[in-house]
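Per chain, numbering begins at 1; letters A, B, ... match sequence-line order.
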2 protein chains.
Amino acid sequence: MNSSRPVTIKDIARRFRCSPSTVSRALNDHPAINEDTRKNIQEYAREVGYQRNEVSLSLLNKKTASLGVVVPTISNYYETAVIEGLHTVLQPMGYTLNICVTNESYLLEKESLSKLLSNRTEGIFLSVSQETYDAGYYEHLENVIQRKTPLIFIDREYEDFETSRATVDDYHGAFAAVEHLVSIGYKQIAHLKGPNGLTVSEQRFKGYINCLKKYNMPIREELILNTNFNVESAILPTKRLLELASPPDAIFGVNDQVAIGAMRVAKDRGLRIPQDIGLVGFDNSPISAYTFPSLTTVHRPGRKIGMEASRLFLNQLNGSGDFSPESIVLPSELVIRESSLRI
Amino acid sequence: MNSSRPVTIKDIARRFRCSPSTVSRALNDHPAINEDTRKNIQEYAREVGYQRNEVSLSLLNKKTASLGVVVPTISNYYETAVIEGLHTVLQPMGYTLNICVTNESYLLEKESLSKLLSNRTEGIFLSVSQETYDAGYYEHLENVIQRKTPLIFIDREYEDFETSRATVDDYHGAFAAVEHLVSIGYKQIAHLKGPNGLTVSEQRFKGYINCLKKYNMPIREELILNTNFNVESAILPTKRLLELASPPDAIFGVNDQVAIGAMRVAKDRGLRIPQDIGLVGFDNSPISAYTFPSLTTVHRPGRKIGMEASRLFLNQLNGSGDFSPESIVLPSELVIRESSLRI
DNA sequence: GAAATTTTTTCAAACGTTTGCATTCAATAT
DNA sequence: ATATTGAATGCAAACGTTTGAAAAAATTTC
């Protein structure tokens with residue numbers, strides 16, 4: 001009863017008193033194999049549940065058909081949407097996705113990449129961790145580049161490498177969001193910013209600032225507070241905003257989670273949205289359409305980013321000889337809902 | 001400039017005019033290697049960025065250190081929490097997670113499993129697709145069993161196999177949720193059920209029914225409508241509920257998303273929550289604490305499920321000889337918030 | 001019936017690494 | 001000088017599969 005050891009081609013060959021080559025060819029419908037031999041072998045193989053050992057093939061062909069996805073987290077809507085996009089394109093092509101979560105840690109990111117390279121992963125999709133970004137350590141990436149393993153940056157980019165990248169136009173999205181608030185007539189617009197240093201945070205922040213400048217609105221430092229992308233982290237900063245001597249009449253949150261946190265605090269204080277205070281988020285997460293009032297937000301096409309990133313990978317893979325990296329910047333789109341529609 | 005081909009042990013051997021065995025031993029700090037030789041080889045290896053080819057090792061040792069995770073979707077909070085739990089335990093042990101999304105399709109599930117087996121994955125965590133569950137096709141699992149590849153069911157279980165499984169006690173969670181509504185004094189409790197046939201849906205439904213029975217409350221067929229786990233799918237059913245001649249005074253949603261959808265509809269109609277209508281969800285997703293009013297729900301320990309599932313896998317792997325499958329059922333816990341606290 | 005042709009099968013190498021055993025070589029003991 | 005030891009290294013097989021070239025077997029041709 002040793003059914004645990006997988007059946008190999010050699011086992012089958014022994015059974016038929018023929019060579020492994022014959023079995024291999026029979027199973028692969030090679031034309032030079034006798035019809036009867038082929039049938040018998042195929043039937044027997046099915047019977048005993050033969051399943052090709054892809055590991056040996058990987059070694060032989062130097063193709064693993066596996067790709068690495070290295071991301072700081074998978075507990076946000078956006079990240080999973082990206083992964084889903086990658087999956088949608090790449091799974092049908094036979095690729096397997098190896099997901100590595102770094103928890104924003106440089107060390108884990110480094111180890112993950114090293115592991116992926118050791119496993120001869122054929123491509124890596126990377127959204128760098130905050131620690132990496134902060135420290136500016138990029139030696140661990142040199143290795144990937146040197147190996148000529150296609151490396152695609154997602155969202156959090158890094159300028160110094162000749163790699164492809166797929167990002168969302170955070171800047172113009174943020175700009176449009178704030179411009180919308182201005183156009184409605186809000187005068188004191190606060191920003192619940194993401195963690196300092198991250199491209200995503202900084203781009204949206206820049207959009208916020210530049211829009212205020214464009215419309216000659218004062219930039220009040222005390223209206224800009226940091227959050228950590230999640231709901232909880234928005235609670236305290238929002239309270240502080242609302243306790244100011246001259247509180248804001250609108251808040252632009254770095255993402256929907258943060259905006260929803262702010263919404264909660266505002267409602268607790270009895271403020272009416274959007275009459276007393278306007279709110280805008282970012283991401284267009286599924287829930288944003290169903291808060292009460294529904295949340296004005298900026299659509300961030302995660303699925304599309306994943307699909308575009310796949311395309312960039314495939315381009316680089318099939319690139320004839322010299323490959324030149326592409327940068328895809330997908331537009332983000334303002335989605336106007338109730339939370340900002342003061343009449 | 002052919003730096004794309006990874007450096008092998010043979011390359012290094014050639015450089016040092018020694019045999020591959022010596023290089024291998026030097027790199028692995030084998031004691032029988034001369035100190036100088038070892039140092040030189042290790043230094044050179046670092047210099048040229050040598051990275052062990054794990055594929056060849058996998059073939060040799062029949063160990064791939066990779067695990068399959070097959071789930072219907074990754075776009076819900078709960079699923080990603082489970083994956084995170086798996087990751088937390090298994091990544092530090094050197095395992096790589098291969099994520100396969102089935103989109104509730106039997107065919108994709110079958111293909112995914114077959115692929116994972118071909119890749120000689122050392123264990124598989126499976127939450128069966130709805131199609132599989134509906135059709136009751138389980139031949140594709142026989143293969144996994146026969147191979148003695150540890151198979152751990154997550155959430156959606158299947159009784160006929162001798163496998164370990166980790167699930168949440170949906171039944172008692174649902175029961176507690178409804179009992180809570182009853183205790184508050186709600187009389188006409190509706191249920192927005194999940195898709196028929198899925199264990200998760202049916203168990204929660206059973207909890208709902210049995211609780212009503214226990215308290216001798218009438219079971220009204222028209223107060224039980226199906227949804228699809230997401231926010232949108234709750235909108236129409238909720239509208240229908242509220243348009244009934246005698247509408248419910250409370251709704252128990254199969255999960256938070258559905259409850260939030262219901263909340264939105266109720267508010268649109270000007271109903272006050274919890275005064276006019278009570279609401280309870282299921283999952284304790286991060287957002288549920290920050291809706292307005294905050295949502296009473298049942299905590300579903302996704303991360304913990306992932307970690308427990310990992311433990312089950314490790315048990316089976318290290319099991320001495322005859323292994324007996326374990327079933328872990330984690331308790332779910334009622335989290336009382338504002339949406340049901342009518343005074 | 002031998003030669004030529006075609007069909008079918010086998011051989012051997014390759015992918016990169018590890019490891020038990022054999023070998024080499026120098027140093028030490030007799 | 002020779003045997004003995006010990007340290008350092010090399011050999012070869014193994015993991016499972018594919019594939020070009022060679023070999024063998026069957027068939028056709030004259």
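Counting non-hydrogen atoms under 4.0 angstrom, A:Phe16 reaches nothing in the nucleic acid. When heavy atoms are screened at a 4.0 angstrom cut-off, B:Thr37 is found touching the sugar-phosphate backbone but no base atom. Among the atoms of the strands shown, only primed sugar atoms or phosphate atoms (P, OP1, OP2) are found under 4.0 Å from some heavy atom of B:Lys62. At a threshold of 4.0 angstrom between heavy atoms, the contacts of B:Asn28 are confined to the sugar-phosphate backbone, with no base atom among them. Residue contacts shown for A:Arg52 are limited to sugar-phosphate atoms, with no base heavy atom under 4.0 Å away. Contacts of A:Leu60 with the nucleic acid, taken as non-hydrogen atoms under 4.0 Å apart, include base atoms. Residue contacts shown for A:Thr8 are limited to sugar-phosphate atoms, with no base heavy atom under 4.0 Å away.
For a distance-only test at 3.5 Å, the side chain of A:Ser19 fails to qualify as a donor-acceptor partner of the base of C:dC11. Contact of A:Arg14 with D:dG16 (side chain to base): no donor-acceptor pair of N or O atoms is detected under 3.5 Å.
In this structure, the helix from C:dG1-D:dC30 to C:dT30-D:dA1 shows an angle of 70° between the axis at its start and the axis at its end, each fitted on 5 base pairs and rounded to 10°.
Crowding of A:Phe16 atom CZ: a count of heavy atoms from other residues, nucleotides or ligands under 6.0 Å exceeding 12.
When the side-chain nitrogen and oxygen atoms of A:Tyr50 are compared with OP1 and OP2 of D:dT17, one or more of them lie within a distance under 4.0 Å. For A:Asn53, no side-chain nitrogen or oxygen approaches OP1 or OP2 of D:dT17 to under 4.0 Å. When the side-chain nitrogen and oxygen atoms of A:Ser24 are compared with OP1 and OP2 of D:dT18, one or more of them lie within a distance under 4.0 Å. OP1 or OP2 of C:dC15 has at least one side-chain nitrogen or oxygen of B:Lys10 nearer than 4.0 Å. Taking 4.0 angstrom as the limit, B:Ser56 places none of its side-chain polar atoms (N or O) nearer than this to OP1 or OP2 of C:dT17.
Salt-bridge check for A:Lys39 with A:Asp36: failed, with every basic side-chain N at 4.0 Å or more from each acidic carboxylate O. A salt bridge links A:Asp11 with A:Arg5: the closest approach of a Lys/Arg side-chain nitrogen to an acidic carboxylate oxygen falls below 4.0 angstrom. With respect to the salt-bridge test (charged N to carboxylate O, under 4.0 angstrom), the residues A:Arg46 and A:Glu43 do not qualify.
The heavy-atom pair separating B:Glu122 from B:Phe313 by the smallest distance is O-CE1, 3.5 Å.
Side-chain atoms of B:Leu59 lie closest to D:dG16 of the nucleotides C:dT10, D:dG16, C:dT18.
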